[in-house]
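The block underneath contains the structure these notes are about, expressed in structure tokens.
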Amino acid sequence: MFGYVIRRLLWMIPSFFAISLVSFIIIHLPPGDFVTSYAADLATSGAPADETTLDNLRIRYGLKDPLPLQYLRWVGNALQGDLGDSFEYRTPVSNIIWGRLGMTALVAFCTLIFVWLVSFPIGIYSAVRQYSVGDYLVTFFSFLGMATPNFLLALFVMYLSVVFLGYSVGGLFSPDFVNAGWSLARVGDLLHHDSPAGVFFSQRNLPARANSLDLDCHLQL
């Protein structure tokens with residue numbers, strides 16, 4: 001077991017290298033660079049930048065260096081925790097990630113709890129009542145959920161919520177709680193919006209959970 005974990009960790013090194021190389025190539029496939037897009041935006045706004053300013057920007061961000069050197073600098077900085085600056089937000093990328101990491105972890109945790117609350121009871125029922133009408137219904141909707149693309153299923157649930165419940169679950173918060181401080185009411189509103197996401201994941205987990213629980217029941221009997 002220990003050797004298996006070590007091998008998997010070692011395989012992470014070439015995997016990360018391949019992912020970073022493919023990402024770097026994809027980023028540089030479109031013609032031009034950030035400065036080209038920036039100059040086009042300035043020209044559209046009616047305040048075009050001169051070539052000297054654009055050249056200084058390219059020198060500042062190392063865009064005039066050969067691509068292999070840009071890649072090595074990018075990877076080296078990333079390994080040191082320096083992800084560079086966001087051209088769109090004009091702030092370090094690490095600050096943007098850390099600013100959104102807490103909300104991402106909270107949404108993931110709420111989704112996981114909802115998945116457990118839905119999956120375990122239904123999985124136990126499907127294992128105990130094998131081949132019953134309820135078991136067939138659960139299996140049918142489970143496979144239907146796995147066969148349906150997540151984005152399409154999300155749109156369908158949002159549509160049902162708006163039409164039949166009169167409540168929009170789009171986004172993380174209702175308009176009244178977007179800029180409000182944290183409170184029990186805001187957490188409840190977040191859970192209300194996050195619960196449909198849990199339905200998608202729970203549907204994907206029901207068959208596996210039902211089969212494993214069914215096997216446990218047979219072993220105990």
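At a threshold of 4.5 Å between non-hydrogen side-chain atoms, the residues Gln70 and Phe24 count as touching. Looking at heavy atoms from C-beta onward, Leu69 lies in side-chain contact with Pro66 at the 4.5 angstrom threshold. In this structure the side chain of Val35 reaches within 4.5 angstrom of the side chain of Leu63, judged on heavy atoms. Here the side chains of Pro92 and Asn95 are in contact, with some heavy-atom distance below 4.5 Å. Using a 4.5 Å cut-off on side-chain heavy atoms (C-beta onward), Thr36 and Arg58 make contact. Two residues are said to be in side-chain contact when any heavy atoms from C-beta on lie closer than 4.5 Å; Leu83 and Ile97 meet this criterion. Counting heavy atoms from C-beta outward, Tyr125 and Ile122 have side chains that stay 4.5 Å or more apart. The closest side-chain heavy-atom distance from Ile26 to Ser23 is not below 4.5 Å.
In plain terms, the two heavy atoms of Ile96 and Ser86 that are nearest each other are CD1-CB, 3.5 Å. Listed here is the closest heavy atom pair of Ser20 and Tyr71: OG-OH, 2.8 Å.
In terms of hydrophobic clustering, with Ile, Leu, Val, Met, Phe, Trp and Tyr side chains grouped at heavy-atom distances under 4.5 Å, Trp11 and Val5 are assigned to different clusters. One hydrophobic cluster, built from ILVMFWY side chains closer than 4.5 Å, cannot hold both Leu10 and Tyr4; they sit in different ones. Put simply, Phe109 and Phe120 are part of the same group of oily side chains (I, L, V, M, F, W, Y) that touch within less than 4.5 Å, one to the next. Hydrophobic clustering (ILVMFWY, side-chain heavy atoms < 4.5 Å, transitive): Phe17 and Leu79 are in one cluster. Tyr136 and Phe143 sit in two unconnected hydrophobic clusters of ILVMFWY residues. Membership requires side-chain heavy atoms under 4.5 Å apart, directly or through other members.
For Thr148 (side chain) and Gly145 (main-chain N/O), no donor-acceptor pair under 3.5 Å exists by modelled atom type. Between the side chain of Asp82 and the backbone N or O of Ala78, no donor-acceptor pair lies under 3.5 Å.
Cation-pi geometry between Arg8 and Phe2 is not met: the NZ or CZ atom fails to fall both under 6.0 Å from the ring centre and inside 45° of the normal.
Partners of Arg129 by salt bridge (charged side-chain N to carboxylate O under 4.0 Å, His left out), not counting sequence neighbours: none found.
In the displayed structure, Phe16 atom CZ is contacted under 6.0 Å by at most 12 heavy atoms of other residues, nucleotides or ligands.
Here Leu57 contributes atom CG and Thr52 contributes atom OG1; the two are 11.0 Å apart, rounded to the nearest 0.5 Å. How far CG of Leu72 is from CG of Asp65: 11.0 Å, rounded to the nearest 0.5 Å. Here the straight-line distance linking atom CD1 of Ile113 with atom SG of Cys110 works out to 8.0 Å at 0.5 Å rounding. Separating the OG atom in Ser15 from the CG atom in Leu9 is a distance of 11.0 Å, to the nearest 0.5 Å. Once rounded to the nearest 0.5 Å, the distance linking CG of Asp55 with CG of Asp50 reads 9.0 Å. Here the CG-CH2 distance, from Leu21 to Trp74, works out to 9.0 Å after rounding to the nearest 0.5 Å.
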